[in-house]
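Structure record follows, encoded as structure tokens.
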Amino acid sequence: MRPPSHIASTDPRTLVREDLRDFTGYVSARGTTAAGNAWLNANESPWTNGSPGTERLRRYPDPQPHALRESLAKLYGAKVDQLLVGRGSDEAIDLLLRALCRPGGDAVLTCPPTFGMYAVCARLHGTRVVEVPLQDLPAEGFACDFARVGDVALEEGVRLVFLCSPGNPTGNLLPLDAIETLAIRLDGQAIVVVDEAYGEFAEAESAVSLLTGRRNIAVLRTLSKAHALAGARIGSVIADASLIEVLRRCQAPYPVPEPCVAVARQAVAPAVLVDTRVKVGRVVAERARLRARLEASPGVVRVYPSRANFLLVRFSDAEAAYRRLLDAGIVVRDQRTAPGLGDALRITIGTPEQNDRVINAVVGMEQPA
Ligand SMILES: *Cc1c(COP(=O)(O)O)cnc(C)c1O
């Protein structure tokens, strides 16, 4: 059962770095509300440069393009003022760190094996990373020890807890009720970040639904995976409107290039979204097929259940499997340096033909003596 979401929730601005509480950031020319028809306030060129297709690039882009923000908010079930668009969710991770953790101080919590960017951003900022590893359970796969995450977060005074759901590279989905309980426990102490980069493939409710009752949750979404726009670098952070305002002030003046805004708007147009959902369904079906075939293959020790667009696979000889796949022209992600995954590869779900090639390469492997 869900804990009551009406339990009071603290203004997340109390968690923002003290030295940034009155920080206004860069005030760009684009930010003015003045009305006019000759814009001579941003030192832009009065002419286009003459090359085709650049007419609309003469001027600086809207820092937070409203139509795109509206479409994204609708897509993710949020209000417009709860959403900040930026240069991929990678930027959102960095913004959260910079706004909440003192440079060279404070701490964040991660649950390895997990997405590497949380620790990279923390390292660059001089912020300590506290780890509470996921548990590898025999039946259900990887699971988060939420009680321990809460204990350690409070003991260590961490500012941000990075949860990845579905997890990368583990593929596991985290239960929303446990996320909510954790957020209640850490109210006024930390922001619980839920990275839903693979949310579309999980076909489950998003943590955005928790934002109605809890102010210390931030959800990361991206157009990079299911929406096939990794090259456009468009990601969103969805959180309490007051926190979004703080993050915006810490962001670059013009974070999203105009051509990227244009392609992102096309990607979230209703007809394209219908097509995207069909393709997500295809990936989900292929995921089940590939998993079944790999599980029955010699040399495969374990295929983890996955709610994302990849499978995490343990092999009796991961080196041989990696080489065999490579010989077949297939490049997969080697996980062998990740904690506890010394024998694992992460295989992205491809087209049915590509998945067949993966199956053929793995099925043909010799049984170890
Ligand atoms: C791919 C990925 C991202 C990166 O998303 P961008 O929007 O492309 O920056 C974020 N989190 C996880 C867990 C990912 O796997």
Side-chain angles (χ1 to χ4, degrees), residues 65 68-69 71-72 75-76 78 83-98 108-122 124 129 131 134 141-142 144 160-174 179 191-202 204 206-208 217-239 247 251-252 255-257 260-261 263-264 267-268 276 280 283 287 304 306-312 331-335 338-339 341 344-350:
L68 176 60
R69 247 180 126 199
S71 306
L72 289 171
L75 177 64
Y76 300 136
L83 183 139
L84 183 80
V85 59
R87 209 181 59 240
S89 32
D90 286 344
E91 183 185 26
I93 295 164
D94 197 44
L95 281 176
L96 283 160
L97 246 144
R98 286 191 287 142
V108 301
L109 189 150
T110 67
C111 302
T114 192
F115 188 48
M117 280 307 286
Y118 315 135
V120 166
C121 292
L124 284 167
V129 179
E131 296 184 337
L134 295 174
F142 283 93
C144 176
L160 291 165
V161 173
F162 285 104
L163 302 177
C164 193
S165 179
N168 176 10
T170 49
N172 63 303
L173 193 71
L174 301 174
I179 295 172
I191 302 280
V192 177
V193 183
V194 188
D195 187 341
E196 294 184 340
Y198 302 96
E200 291 86 350
F201 304 103
S206 161
V208 170
I217 292 175
V219 182
L220 309 184
R221 302 294 305 244
T222 180
L223 297 185
S224 295
K225 308 282 161 56
H227 296 271
L229 275 189
R233 312 303 305 126
I234 301 285
S236 302
V237 48
I238 301 155
L247 296 178
Q251 199 180 24
V256 214
C260 302
V261 174
V263 294
V268 294
T276 295
V280 164
V283 167
R287 182 178 75 199
Y304 285 89
S306 170
R307 303 294 290 269
N309 67 340
F310 53 80
L311 290 171
L312 182 66
V331 185
V332 300
R333 183 77 173 221
D334 192 348
Q335 292 292 333
L341 295 179
L345 305 177
R346 190 194 69 193
I347 306 173
T348 304
I349 308 298

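One-based numbering, in listed order, for ligands and for the atoms of each.
- Two residues are said to be in side-chain contact when any heavy atoms from C-beta on lie closer than 4.5 Å; Leu163 and Cys111 meet this criterion.
- For Arg87, the heavy-atom gap to ligand 1 stays at 4.0 angstrom or more.
- Put simply, CG on Leu311 and CG on Leu345 are 11.5 Å apart, with the number rounded to the nearest 0.5 Å.
- Nearest non-hydrogen protein atom to atom 1 (C) of ligand 1 is Lys225 NZ, 1.4 Å.
- Close contacts between ligand 1 and Gly88 involve ligand atoms 6 (P), 7 (O), 9 (O) [criterion: under 4.0 Å to a heavy atom].
- Ligand 1 has at least one atom lying under 4.0 Å from a heavy atom of Cys164.
- Judged by distance alone, with hydrogens and angles left aside, the side-chain atoms of Arg69 form no donor-acceptor pair with the main-chain N or O of Val85 at under 3.5 Å.
- Only the side chain of Arg233 comes within 4.0 Å of ligand 1, counting heavy atoms alone; its backbone N, CA, C and O stay farther away.
- Considering only heavy atoms from C-beta on, Val268 comes within 4.5 Å of Leu223 through its side chain.
- With distances taken over non-hydrogen atoms, the option nearest atom 11 (N) of ligand 1 out of Asp195, Leu223, Asn309 is Asp195.
- Ligand 1 lies nowhere less than 4.0 angstrom from a heavy atom belonging to Met117.
- In summary, the atoms of ligand 1 found under 4.0 Å from a heavy atom of Thr222, numbered by their order in the structure, are 5 (O), 6 (P), 7 (O), 8 (O).
- Between Phe201 and Phe310, the ring centre distance reaches or exceeds 6.0 Å.
- Side-chain atoms of Leu96 and Leu220, non-hydrogen and from C-beta on, do get closer than 4.5 Å to each other.
- For atom 15 (O) of ligand 1, the closest non-hydrogen atom of the protein is Tyr198 OH, 2.7 Å.
- Of the heavy atoms in Asp90, both backbone and side-chain atoms come closer than 4.0 Å to ligand 1.
- Summarising the geometry, atom CD1 belonging to Ile238 is positioned 12.0 Å from atom CD1 belonging to Ile217; distances are rounded to the nearest 0.5 Å.
- Residue Ala197 touches ligand 1 through its side chain alone, judged by heavy-atom distances below 4.0 Å.
- One N or O on the side chain of Arg287 and one on the backbone of Ser306 form a donor-acceptor pair closer than 3.5 Å.
- Interatomic distance, Arg346 CZ to Leu341 CG, rounded to the nearest 0.5 Å: 11.0 Å.
- In terms of protein heavy atoms, atom 5 (O) of ligand 1 is closest to Ser89 OG, 2.9 Å.
- Applying the 4.0 Å criterion to heavy atoms of Ser224 picks out, from ligand 1, the atoms 6 (P), 7 (O), 8 (O).
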